[in-house]
Q: 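The structure under discussion is supplied below as structure tokens; questions concerning it will follow.
Atoms within a ligand are numbered from 1 in the order they appear, just like the ligands themselves. Scope of the values below: all heavy atoms of this structure, side chains included, with no hydrogens, waters or symmetry mates. Keep in mind that what you see is a predicted model, and the values were worked out from it rather than measured.
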Amino acid sequence: MRNPELRDKSGLTEAEFLARYNAGDYERPSVAADMVIFTVLEEEEENYRKLPECSLCLLLIQRGGHPYLGDWALPGGFVRPGETTKAAAKRELREETGLDQVYLEQLYTFSDPGRDPRTWVMSCAHMALIDGTKIRLKAGDDADNAQWFKVSLLLLDEHVEYCRDAGFGQVKLIRTQHLELELVRGEIRLKCRLEKRIRKSEYEEAAECRICENDGLAFDHAKIIVAALERLRGKLEYTDLALHLMPEEFTLTQLQQVYEVIWDKSLLKAAFRRKVASMVQETDSYTKNEGHRPSRLYRRRWEE
Ligand SMILES: O=P(O)(O)OC[C@H]1O[C@@H](O)[C@H](O)[C@@H]1O
């Protein structure tokens with residue numbers, strides 16, 4: 001039981017201390033919640049016998065006011081009094097997609113000084129994954145100023161420097177990567193170049209990312225998108241996260257396509273099926289697409 005009469009070095013009880021506390025003694029940042037909302041959308045396919053091509057897409061909003069007027073930005077906004085950052089992220093998600101029962105995880109807090117030209121703003125970034133069939137705004141639709149952009153991240157080059165005589169705890173290796181982030185929707189093509197440096201010592205791995213060129217993306221949102229993509233790609237290795245991008249029932253070929261667009265590489269069918277075998281379970285249903293041989297439908301397996 002806490003003793004309310006306990007006094008500190010200045011002779012104050014906690015109630016007296018709180019009554020005199022001046023929050024203005026320390027400068028306070030504003031806090032924003034930004035959302036990287038990923039989905040996988042099918043592209044129009046002229047040949048109905050071929051499986052439709054899929055793309056990894058994310059939602060961007062064209063800014064209607066300063067700063068960055070006319071540039072594209074992640075959906076996001078300031079956290080309101082009484083709200084957690086997660087609640088603010090969910091509110092943004094609901095406003096932009098009409099959905100709230102979706103996978104959502106916190107990514108990182110972006111706090112570079114000067115990241116917002118207005119004032120001191122930290123962004124608590126989140127990543128959401130949405131099943132493409134639930135989306136009302138399809139890539140290419142003209143609805144408001146929110147659009148799905150096809151996203152790709154290319155490793156342009158990589159350079160590793162070994163610090164041979166580094167002592168205990170000192171940096172042993174510096175990996176420098178140059179990345180190109182591209183976001184495309186119809187005629188709109190946003191390109192950003194970034195440099196990422198990963199420093200590794202015996203007990204620490206620290207990465208910093210810098211935007212070198214930026215054409216059309218607001219704030220440091222290119223960095224947030226890269227962090228989200230890397231998190232998504234990494235987590236696919238050891239979790240069933242991709243299933244959040246699938247409808248309730250899906251074919252294994254559709255699931256493989258989702259892994260392939262996220263990892264941006266082709267996978268061998270047999271190895272892929274072994275990888276996902278424990279994550280999915282067969283249903284009794286088959287696809288009914290004309291032009292294709294019916295394929296077995298699967299759903300997410302919930303039991304451990
Ligand atoms: O869109 P408004 O409300 O102007 O400002 C919110 C944005 O300000 C930035 O620091 C954040 O990253 C967030 O996206």
Q: Any side-chain heavy atom of Glu96 sitting closer than 4.5 Å to one from Met35?
A: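 When only atoms from C-beta onward are counted, Met35 and Glu96 do not touch, as no gap falls below 4.5 Å.
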Q: Any side-chain heavy atom of Ile225 sitting closer than 4.5 Å to one from Leu183?
A: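 When only atoms from C-beta onward are counted, Leu183 and Ile225 do touch, with a gap below 4.5 Å.
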Q: One pair to check against salt bridge (charged side-chain N to carboxylate O under 4.0 Å, His left out): Glu195 and Arg210. What are the steps and the verdict?
A: CA-CA 5 Å; Glu195 184 182 80; Arg210 185 171 71 83; 3.5 Å; yes
Q: In the structure I gave you, are the side-chain heavy atoms of Arg193 and Leu156 within less than 4.5 Å of one another anywhere?
A: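 Sidechains of Leu156 and Arg193: in contact.
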Q: Let me confirm one number: the CG-CH2 distance from Leu56 to Trp148, rounded to the nearest 0.5 Å.
A: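 Spacing of CG (Leu56) from CH2 (Trp148) equals 10.0 Å.
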Q: Is it true that Lys191 and Glu213 make a salt bridge, defined as a side-chain N closer than 4.0 Å to a carboxylate O?
A: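 So Lys191 does not pair with Glu213 through a salt bridge.
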Q: What are the atom names and distances for all N or O pairs under 3.5 Å between ligand 1 and the protein?
A:
unit_1	atom_1	unit_2	atom_2	d
ligand 1	1 (O)	Arg63	NH1	2.8
ligand 1	4 (O)	Arg63	NH2	3.0
ligand 1	4 (O)	Arg118	NH1	2.8
ligand 1	5 (O)	Arg118	NH2	3.0
ligand 1	8 (O)	Asp116	OD2	3.3
ligand 1	8 (O)	Arg118	NH2	2.9
ligand 1	10 (O)	Arg115	NH1	3.0
ligand 1	10 (O)	Asp116	OD2	2.7
ligand 1	12 (O)	Asp34	OD2	2.5
ligand 1	12 (O)	Arg115	NH2	2.8
ligand 1	12 (O)	His221	NE2	2.9
ligand 1	14 (O)	Asp34	OD1	2.6
ligand 1	14 (O)	Asp34	OD2	3.4
ligand 1	14 (O)	His221	NE2	3.4

